[in-house]
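Please read the structure below before turning to the comments.
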Amino acid sequence: MKISTARRRLAPLAVASAAALVLVACGSDDASDDTNTSSEDSSSEEQPADDDSEDEPADNGDELSGSVVVDGSSTVAPLGEAAAELFMMETPGVQVTVGTSGTGGGFEKFCNGETDISEASRPIKDEEAAICESNGIAFEGLTVANDALTVLVNPENPLQCITVEQLQAIWGPDSSASNWNEIDGIDLDAPLDLYGPGTDSGTFDYFTEAINGESGAQRTDYNNIGEDDNTGIIGVEGSTGGMFYVGFSYYMENQDRVKALEIDGGDGCVAPSYETVQDGSYSPLGRGLFVYPSDAALEKPEVLAFINFFISNAEPIAEAAGFIGMTDEQASEAQAQVDALVGG
Amino acid sequence: MATDEKPPRTARTRLAVAGARSSTESVFGARGRGDRLGNRFFLAFLLLGMAMAITGLAAMIIWAIIEGSPRLSMDLITNGPSTLAPETAGYRPAILGSIYVIGGVIALIVPLGVGAAVYLEEFADKTRWWNRLIELNIQNLAGVPSIVFGILGLAFIVRSPLSLGAVPAAGAVTIALLVLPTVIIAAREAIRAVPPSIREGSLALGATQWQTIYRQVLPAAMSGILTGVILAVARAIGEAAPLLLVGAVTFVTSDPSFFGPGFTTLPTQIFDWARRPQEEFQVLAAAGVLIMLALVLVMNSFAVWLRNRFEQKW
């Protein structure tokens, strides 16, 4: 009797602990690695001014350990994750984590000294750089890939090309247009159904700056889809008058559901594509994607090695993650920056 | 028509019901059409309410099963996330992260929640304004949006004064603050429901107030308290927004540790994959929903089993 009640009492515990054991057992080697890295990590933090990076060649993966904390744009995150994965295959001792706080949220943490590398889908703003400076955080900015900010409409929309002025008339902060035919040069009777990313997003900042002339200036009565870009795709797919702007990869994955407009920035209509972004003709919505390592983090050999790896392999990384790679010019410029860091 | 309920309607009961009804009607007169129609409508309304609740849940579960089933395999719980190979990516660090956070939440909310409830029910002098203020505040706290707790967690727990950093422990403290009001309110109700005669009997036998609470009131109230904990944990495990703020990053390949930086949880990982453009990640997100359902089911059945052991009737 006593035994049976005890057994009954313990049964769920046994199930739970068995489940935990399965999880732990499957990665016991990882777990032991973790304890190593965390202890070495803390010891390296205690001596911030060690200059080992000059003695060791930076890409000697076997001896590196520690962690690299990456945060920032959710647009750039897949790129950073692909880079981290490839890097960790070569240097299993280093743990790279990638967060998605958004470009602005990422810089906030970066300038507070909480992250090693910040990813951004627009260049750092002067205000943000000033905060970094006042907190004593110096940093480098590196281009890692390109993106076409793509303007999407419903496939039934007859429009093929849109000018920057027309976009401005639709999205401007003072715009009150509620139907496509209120826009000069557009002959379509359908209610305007606007979708846009959240205001923390670098995509929002970039689009408003490029189209409306001022970062953050945009009409406020649109469907704010926050950070989930798939919602915008669903919205445009289901509404004849729908319109949404988003990173190029979302268009590439949903070509059968939505249509991308060509953009006329003054020199004729240009469709978004790998080529037009790289040759600079997709203007003004072609943009660079960036990483910002802090100088303090670059003192750590594992961060330097990661950045070096990221830039040296930018092309295959961009391809693996579905991004538009750098032009030769951008690549050699970024490589020169990294070489200077590794050398100095 | 309460007779429409449980007992099997044998010929005898049916006869008895008909007899009872006709004798009632002969005394009070037959019930009007309106009454009977009202009964029908009310029943239909109740069924509709239940159908709405079940349809929503069923739709979500069926969607997750259809969408996520191609990815159900051991990979899902033994592998880490991967952008390069979504077809073998999994939730291992996220599952462990969620377990750590929830474990921390339970360890915090049970003593704190029960303690606060015992104080408010057994010790607090309700004529004092500060006790009434505390009560009012706890009820209002239950309605504060979770993102606000995320900001609080980032400002005070991740950064100074607590300065825990972006670790599972900080997530646990933040989520514990978020769900604490639920536990306190449920525990208070449960303690209040313990008959005064139990307390008085215990005190009359010479037990101190502490002994009375510890040996009589709390065991008697345990099932109600556990209900509150179940509700709180079910909410806690699904929270993504506050955890994103306190540093649950979305790409972690190594197993987390409770006080070590770099953790993720199931909802944050699901959220990140659900918003990716590629189809493979959306399937992965649906499969993650199934894992989360399974985890919630396991935890809740444990809690329900525990609650039933303490169930007491007077």
Side-chain angles (χ1 to χ4, degrees), chain A residues 8-9 11-13 15-16 19-20 22-24 26-27 30-31 33-35 37-38 41 67 69-71 74 77-86 88-89 95-101 105 109 112 114-115 226-231 233 246-247 249-254 317 320-322, chain B residues 74 77-86 89-93 95-96 99 103 154 158-159 165-166 241 244-245 247-257 259-264 268 271-282 285 294-295 298-299 301-306 309:
Chain A
R8 227 184 308 147
R9 197 178 301 164
L13 281 177
V15 172
V22 170
L23 284 170
V24 172
C26 296
D30 302 24
D33 282 353
D34 287 348
T35 47
T37 52
S38 60
D41 185 27
S67 64
V69 180
V70 185
D71 203 341
S74 58
L79 197 67
E81 291 177 13
E85 256 181 277
L86 292 168
M88 284 189 281
M89 280 177 204
Q95 268 306 322
V96 186
T97 61
V98 183
T100 50
S101 299
K109 289 184 177 170
N112 209 17
E114 291 169 27
T115 57
E227 297 279 322
D228 183 6
D229 292 323
N230 285 318
T231 313
I233 303 279
V246 69
S249 54
Y250 285 87
Y251 167 62
M252 291 304 281
E253 293 290 332
N254 294 287
I317 290 170
Chain B
M74 283 308 278
I77 53 172
T78 57
N79 283 1
S82 170
T83 291
L84 300 176
Y91 283 92
R92 180 194 163 88
I95 294 171
L96 288 172
I99 290 175
L154 176 63
V158 173
R159 297 177 182 167
L244 282 174
L245 273 179
V249 295
T250 51
F251 180 79
V252 186
T253 51
S254 65
D255 294 345
S257 68
F259 288 104
F263 75 106
T264 186
T268 48
F271 172 63
D272 183 55
W273 279 339
R275 69 182 173 188
R276 294 287 179 92
Q278 291 85 359
E279 173 91 33
E280 296 94 321
F281 287 109
Q282 284 153 31
L295 193 62
V298 167
M299 289 183 13
S301 16
F302 178 67
V304 167
W305 170 83
L306 205 63
R309 285 183 51 85

| field | Proximal component of A:Met88, with respect to chain B [non-hydrogen, under 4.5 Å] | value | side chain

| query | Can you tell which of A:Thr100, A:Thr231, A:Asp229 makes a side-chain contact (heavy atoms from CB on, under 4.5 Å) with B:Arg275? | reply | A:Thr100

| request: Have a look at B:Val252 and tell me which of A:Thr97, A:Val96, A:Val98 forms a side-chain contact (heavy atoms from CB on, under 4.5 Å) with it. | output: A:Thr97

Using a cut-off of under 4.5 Å for heavy-atom pairs, which of [options] has the most such pairs with chain B?
options                      : value
A:Ala82, A:Gly322, A:Ala320  : A:Ala82
A:Val246, A:Asn112, A:Asn254 : A:Asn112
A:Ala77, A:Gly99, A:Pro78    : A:Pro78

| Within the side chain of A:Asn230, is there an N or O that forms a donor-acceptor pair under 3.5 Å with the backbone of B:Ala274? |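 Side chain of A:Asn230 to backbone of B:Ala274, a donor-acceptor pair under 3.5 Å: yes, one is there.
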
| task | Could you tell me the separation between the CG atom of A:Asp71 and the OG1 atom of B:Thr250, rounded to the nearest 0.5 Å? | result | 8.0 Å

| said: To the closest 0.5 Å, what do you measure between CG (A:Leu79) and OG1 (B:Thr83)? | reply: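 One gets 9.5 Å once the value is rounded to the nearest 0.5 Å.
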
| field | Taking every non-hydrogen atom, the tightest pair across A:Lys109 and B:Leu245 | value | NZ-O, 3.9 Å

| message | If you compare all heavy atoms of A:Glu85 against all heavy atoms of B:Leu84, which two are closest, and at what distance to 0.1 Å? | response | OE1-N, 3.2 Å

| field | Check against salt bridge (Lys or Arg N to Asp or Glu O under 4.0 Å), B:Arg276 and A:Glu253 | value | CA-CA 10 Å; B:Arg276 294 287 179 92; A:Glu253 293 290 332; over 6 Å; no

